[in-house]
Student: 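Shown below is the structure under consideration.
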Protein chains: 2
Amino acid sequence: MTVTTGGAQPRESISPEELAVWRMLQRLQVRVTRVLETDLLVAHDLALASYDVLSRLAEAPGRRLRMNDLAERVLLSRSGLTRLIDRLQRDGLVAREACADDARGLFAVLTDAGAARLAEATPTYLSGIRAQILDVLDATELRQVAAMLAKLLPEDEQSGRPGRPGQPC
Amino acid sequence: MTVTTGGAQPRESISPEELAVWRMLQRLQVRVTRVLETDLLVAHDLALASYDVLSRLAEAPGRRLRMNDLAERVLLSRSGLTRLIDRLQRDGLVAREACADDARGLFAVLTDAGAARLAEATPTYLSGIRAQILDVLDATELRQVAAMLAKLLPEDEQSGRPGRPGQPC
DNA sequence: TCTAGAACGTTGCACGCGCATGGACCTAGG
DNA sequence: CCTAGGTCCATGCGCGTGCAACGTTCTAGA
């Protein structure tokens, strides 16, 4: 990775303002994540990672996703997702289902209980994001930040593209 | 926290574009953090959190900071910082020093070895940030994002204000 | 002066994560 | 066919984190 030399602007260091941007980005992310985490935990006994999983499943066709696909979307390692799905399954929010075409494959499927729990928690989640980010910025700023994020992320991870090739079955 | 009702725009849900902004922010943060972490680890056997600690100590007056202050700056719980300083002390990069004015207080102090390790790792750190963020955005965008971040963060955590009241001693 | 409460840092504990590994299964090349 | 290598998910293990509780020290009020 390291592009120390040969980059467009091979300057040796960065300005305090630039460093501040990065540090503020870190702070923002940590702060928002913590608030969301605790809000969801106290109000619905649901971890943020669990919410993300339920959310991704809900918007997937057939309410189901291959473990691999799901892991990419929620930014978790495969092993991490295995354990998380274990817990969600134990709580009855998600079920595992075999894949007919590929005996190796496994689907995580959102159960009705999971959908209900998701619906119950969603207002908490959304108002957390709004209060901390979306409502603080105006429409113009929101457009600007969206454009910048699009530049910063490789197109193949712009967001959880719902369309993705998607596994068969 | 929850500001479900009474907000400026008490809409019930958010648009897909708004959700995408939040999700892309998550992705960006995770991606940058992981790259930084592994770059530092393979090149200098230094975890990102450790780098942050060394970095904050280096820019503090007297190369030292109270445990509490340091914990705030590196976004770690007090117990988390205790363990991290344990490790850094074991590796000789940081030392603990008592506080003359307050017998409860303890300083984490950057050692010469710590400063050397920091200097060695800094190019890796900086080029990671540049390659992934700073060089991708132009000056205008950088100004815009800085302004937005300033809006999003309470002034009392705009960044690691070096000036902070700071403990005596 | 004495005492109740707060602040500081550390420790016991349990949890969640990633890495490396393993077993089951699929697929392409002889 | 049959085998080598890849993919998929699960498991063993160690690590780093936060929470709650603890001892020590400071501080304010009677």
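Lettering follows sequence order; numbering is per chain, from 1.
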Student: Nearest 0.5 Å, please: how far is CD in A:Gln89 from CZ in A:Arg96?
Tutor: 5.0 Å
Student: How long is the straight-line distance from CG of A:Leu81 back to CG of A:Leu76, given to the nearest 0.5 Å?
Tutor: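 CG of A:Leu81 is found 6.0 Å from CG of A:Leu76.
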Student: Salt bridge or not between A:Asp112 and A:Arg63? Use side-chain N to carboxylate O under 4.0 Å.
Tutor: yes
Student: Side chain of B:Leu76, heavy atoms from C-beta onward: which of D:dT25, C:dG18, D:dT17 has the nearest atom to it?
Tutor: D:dT17
Student: Does C:dG9 have its OP1 or OP2 closer than 4.0 Å to a side-chain nitrogen or oxygen of B:Arg66?
Tutor: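 For C:dG9, OP1 or OP2 has a side-chain N or O of B:Arg66 closer than 4.0 Å.
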Student: Check every atom of D:dC26, C:dG9, C:dG12 against the side chain of B:Leu106 and return the nucleotide holding the closest atom.
Tutor: C:dG9
Student: So, does B:Arg78 get its side chain near the phosphate of D:dC19, meaning an N or O under 4.0 Å from OP1 or OP2?
Tutor: no
Student: Looking at D:dC9, I'd like to know if its phosphate oxygens (OP1 or OP2) sit under 4.0 Å from a side-chain N or O belonging to A:Asn68.
Tutor: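 So the side-chain polar atoms of A:Asn68 do come within 4.0 Å of the phosphate oxygens OP1 or OP2 of D:dC9, strictly under.
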Student: Check this one for me: any side-chain N or O of A:Arg96 less than 4.0 Å away from OP1 or OP2 of D:dA10?
Tutor: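 Answer is yes, contact under 4.0 Å.
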Student: Does A:Arg104 put a side-chain nitrogen or oxygen below 4.0 Å from OP1 or OP2 of D:dA10?
Tutor: no
Student: B:Ala103 has a side chain; which of D:dG16, D:dC26, C:dC26 sits nearest to it?
Tutor: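 It is D:dC26.
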Student: Starting from the 5' end of DNA chain C, give me the residue, B:Arg34 or B:Leu81, whose nearest nucleotide shows up first.
Tutor: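 Looking at the nearest nucleotide for each, B:Leu81 comes out on the 5' side.
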